[in-house]
Student: 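Below you'll find the structure I mean.
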Amino acid sequence: MPYSVLIADDDHSLRSVLSSALKKAGYHTVKAQNGKEAIDCVRKDEFDVILLDIFLGDTDGLDLIESIQELNPTASIIIITGHGTTQTAIEASKRRAYWYLTKPIDLKRLLDLVSRAASASNQTKNVKASITSIDADGQGKMVGQSPAMQTVYQIIGRAAFSDETVLIMGESGTGKELVAELIHENSPRSDNPFVVVDCSAIPPTLIESTLFGHLKGAFTDAHIDRKGKFEQADSGTIFLDEIGELPIEIQMKLLRVLQEREIEPVGSSGTRPINVRIIAATNRQLDTAVAQKTFRDDLYYRLNVIPISLPPLRERKEDIPEMIDLFTSQFAQEYQLPKVGISSETIKELAEYPWPGNVRELENAIKRALVMCSGQMLLKEHFSQIFDKTPDNTLDNQDLDQQIFTLLQGEVACYLESDAETGELHATIRAIFEKPLFEIVLEHTEGNRSKASEILGINRNTLHTKLNEYDIK
Ligand SMILES: Nc1ncnc2c1ncn2[C@@H]1O[C@H](COP(=O)(O)OP(=O)(O)OP(=O)(O)O)[C@@H](O)[C@H]1O
Ligand SMILES: [Mg+2]
């Protein structure tokens, strides 16, 4: 069966020229002279490639993309226009057109493009597709129906109403903060503040005043009275993240707060009553820390009234497809992109990956794949950073910056290779990515320009010019 190409253009002579060139190359072609005809054709037949003019008589071709994709989800759409603007290029790529071409059309190049577009379409057709829906408002939602997660939901439900202290344990990226939020949102305190404190991110010398506040003059920089996190969380919930990192002297003070339900601001001689629900989280084995005497056992027992253990993602692989669905919908909405499908084969491969960074790593992988994907279907190749990784070279989730960085590097390589015809699209990519990329790289190299130009793969003079252009110091 020859590949089938729809040529939708209001220019009669161009339609004929393209059609005969494509026929000669062995394609089956159908012609449409306006938007209505194009939609009729797509409704009747399935095409591998659709050449779509933007100024299409009665319609704007860009507006047709979505309807075409709905009727014919595996077709690769190539946008053709006589009046290319940066905005059209952006729009075309946002709507997941396969490619964007400006007139006059170079036939040789077009044939080459059509052949690539046809095989991309064929690839997506051969795998069973499941198109995800984007209209569900998945923001902040917790998904997964595995038995382990069912247990977690039950405990969340009971914990929400009890007002007791909760200790959430789980590896990095398993959803500890999300669970804490859900408990708060479902509790009678939900109209009051939910205050997050990352105990690992505060310098030891500031922890006490951060948590409990201070009075003016309590220490050199204390120019005014300041409320601590506990008081900010009044009538609400405080989430003490990475509680295992709390210095031992502060552990004792926290224990007192838990027992007496009152705080003592730094520099004060009295105490203040507090009404705060406490949820703590840790990715360390606190019982081991207790055995090693780096964590107080009395505090551990006080915190561990309602324990919630979040299993690593590799132990609940059955949740992965639903998560993929949620994240693809969420990001499509966030970036205002059309819905994108994912092949069941790719889903299977993703479910087999061990996900050392758990849900967060999966979320980031999907985000990256959506940026890399120019068609309507996420394929294995869009997850190359995951699948091409050797087991001992796995990224932990602190490496997101590195990942974004690698992504941007790819974009730079892409525009550096640009030729005259695709220059416009690449200029767009460049405008979006280049300045932040240079800033990230320079920060990374601590201002060292030789290193930066090496990483970016451009020479020092070019870098110098660019930095001036973008006014980066
Ligand atoms: N079951 C789930 N369903 C949907 N999204 C989830 C689920 N679990 C986690 N996430 C998402 O994954 C990301 C990581 O979750 P979260 O920040 O709660 O993890 P964490 O355990 O606190 O990680 P860390 O230890 O690295 O702080 C968040 O964006 C969260 O919304
Ligand atoms: Mg967290």
Side-chain angles (χ1 to χ4, degrees), residues 132-134 136-157 159 166-186 194-202 229 237-246 278-286 289 303 307-335 347 350-351 353-370 386 394-404:
T132 59
S133 88
I134 55 155
D137 175 24
Q139 216 61 44
K141 213 171 70 174
M142 186 145 210
V143 301
Q145 295 303 318
S146 57
M149 288 310 289
Q150 296 283 2
T151 311
V152 169
Y153 302 146
Q154 270 176 9
I155 308 176
I156 291 175
V166 177
L167 179 62
I168 307 170
M169 289 157 290
E171 287 179 12
S172 216
T174 45
K176 297 185 293 295
E177 184 157 350
L178 193 56
V179 166
E181 278 167 20
L182 280 177
I183 295 175
H184 173 73
E185 279 163 23
N186 288 288
F194 175 76
V195 174
V196 179
V197 186
D198 182 350
C199 302
S200 67
I202 310 166
K229 297 285 183 188
T237 306
I238 191 165
F239 175 52
L240 301 172
D241 203 1
E242 304 304 347
I243 190 95
E245 305 304 315
L246 214 56
I278 296 167
I279 302 179
T282 175
N283 60 19
R284 282 175 50 187
Q285 286 302 120
L286 274 194
L303 289 171
I308 300 183
S309 236
L310 285 175
L313 193 54
R314 62 186 168 279
E315 288 172 17
R316 42 177 163 127
K317 289 182 193 289
E318 64 266 49
D319 292 345
I320 291 177
E322 200 186 343
M323 286 180 174
I324 295 173
D325 192 56
L326 173 72
F327 295 141
T328 46
S329 310
Q330 266 181 2
F331 300 140
Q333 253 180 358
E334 195 177 311
Y335 302 143
I347 294 182
L350 290 175
Y353 177 75
W355 300 109
N358 294 296
V359 187
R360 191 195 307 287
E361 190 186 6
L362 175 64
E363 197 178 354
N364 291 336
I366 303 263
K367 212 181 260 193
R368 206 170 39 229
L370 283 175
I386 299 250
T394 48
L395 290 162
D396 67 39
N397 70 40
Q398 261 84 43
D399 274 350
L400 177 61
D401 281 353
Q402 184 62 43
Q403 295 173 17
I404 293 173

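Both ligands and their constituent atoms are indexed starting at 1 by order of listing.
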Student: Which heavy atom of V152 sits nearest to which heavy atom of S309, and what is that distance?
Tutor: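 Taking every non-hydrogen atom into account, CG2-O, 3.9 Å.
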
Student: Does N358 approach ligand 1 within less than 4.0 angstrom via side chain, backbone, both or neither, non-hydrogen atoms only?
Tutor: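 Under 4.0 Å from ligand 1, N358 contributes no heavy atoms.
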
Student: Any N/O of Y153 closer than 3.5 Å to an N/O of ligand 1?
Tutor: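 Checking ligand 1 against Y153, no N or O pair falls under 3.5 Å apart.
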
Student: Check this for me - ligand 1, E363, N or O atoms closer than 3.5 angstrom, yes or no?
Tutor: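 Such a contact does occur with ligand 1.
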
Student: Just so I know, are the side chains of L362 and F327 near enough to count as touching, which here means a heavy-atom distance under 4.5 Å?
Tutor: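 Sidechains of F327 and L362: in contact.
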
Student: Check each of E177, M169, R360, E171 against atom 27 (O) of ligand 1 and report the one with the nearest heavy atom.
Tutor: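 Of the listed residues, R360 has the closest heavy atom.
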
Student: Can you list every salt bridge (Lys or Arg N to Asp or Glu O under 4.0 Å) pair that touches residues 166-175, not counting sequence neighbours?
Tutor: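 Every pair satisfying salt bridge (Lys or Arg N to Asp or Glu O under 4.0 Å) with a residue in residues 166-175: E171-R314.
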
Student: How many angstroms lie between CD in E242 and OG in S200, if you round to the nearest 0.5 Å?
Tutor: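 If I round to the nearest 0.5 Å, the distance is 5.0 Å.
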
Student: Should the heavy atoms of other residues, nucleotides or ligands under 6.0 Å from CD of E322 be counted, would the total exceed 12?
Tutor: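 Enclosed.
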
Student: Looking at residues at least two apart in the chain, or sitting in another chain, which of them share a ring-ring contact (aromatic ring centres under 6.0 Å, His included) with F194?
Tutor: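 Partners of F194 by the ring-ring contact (aromatic ring centres under 6.0 Å, His included) criterion, ordered by chain and then number, come out as H184.
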
Student: Look only at interatomic distance and state if M149 has a nitrogen or oxygen under 3.5 Å from any nitrogen or oxygen of ligand 1.
Tutor: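 Min N/O separation from ligand 1 is not below 3.5 Å for M149.
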
Student: Check ligand 1 against M323 and write out every atom of the ligand that is under 4.0 Å from a heavy-atom position of the residue.
Tutor: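 Listed by number with element, the hits are 1 (N), 2 (C).
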
Student: Is there any N or O on D241 that sits under 3.5 Å from an N or O of ligand 1?
Tutor: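 D241 vs ligand 1: no N/O contact under 3.5 Å.
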
Student: Would you say G144 contacts ligand 1, with heavy atoms under 4.0 Å as the rule?
Tutor: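 No, G144 has no heavy atoms under 4.0 Å from ligand 1.
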
Student: Judging by distance only, is a nitrogen or oxygen of K176 under 3.5 angstrom from one on ligand 1?
Tutor: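 By distance alone, the answer is yes.
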
Student: So which atom in Y153 and which in G144 form the shortest heavy-atom distance, rounded to 0.1 Å?
Tutor: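 So the two residues come closest at OH-O, 2.7 Å.
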
Student: Looking only at distances, please establish whether an N/O atom of ligand 1 is found under 3.5 Å from an N/O atom of L178.
Tutor: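 Yes.
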
Student: Which of the numbered atoms in ligand 1 are below 4.0 angstrom from a heavy atom of L326?
Tutor: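 Reading through ligand 1 atom by atom, the close ones are 4 (C).
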
Student: Please report the closest heavy-atom contact between R284 and A289, naming both atoms and the distance.
Tutor: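 Residues R284 and A289, closest heavy atoms: NH2-CB, 3.5 Å.
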
Student: Before signing off on this row, confirm whether G173 and ligand 1 have an N or O atom pair separated by under 3.5 Å.
Tutor: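 Such a contact does occur with ligand 1.
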
Student: With heavy atoms under 4.0 Å as the rule, classify the contact between F327 and ligand 1 as side chain, backbone, both or neither.
Tutor: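 Side chain only; the backbone of F327 stays clear of ligand 1.
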
Student: Just checking, any donor-acceptor pair under 3.5 angstrom between side chains of N358 and T174?
Tutor: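 N358 vs T174: no donor-acceptor pair found between side chains.
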
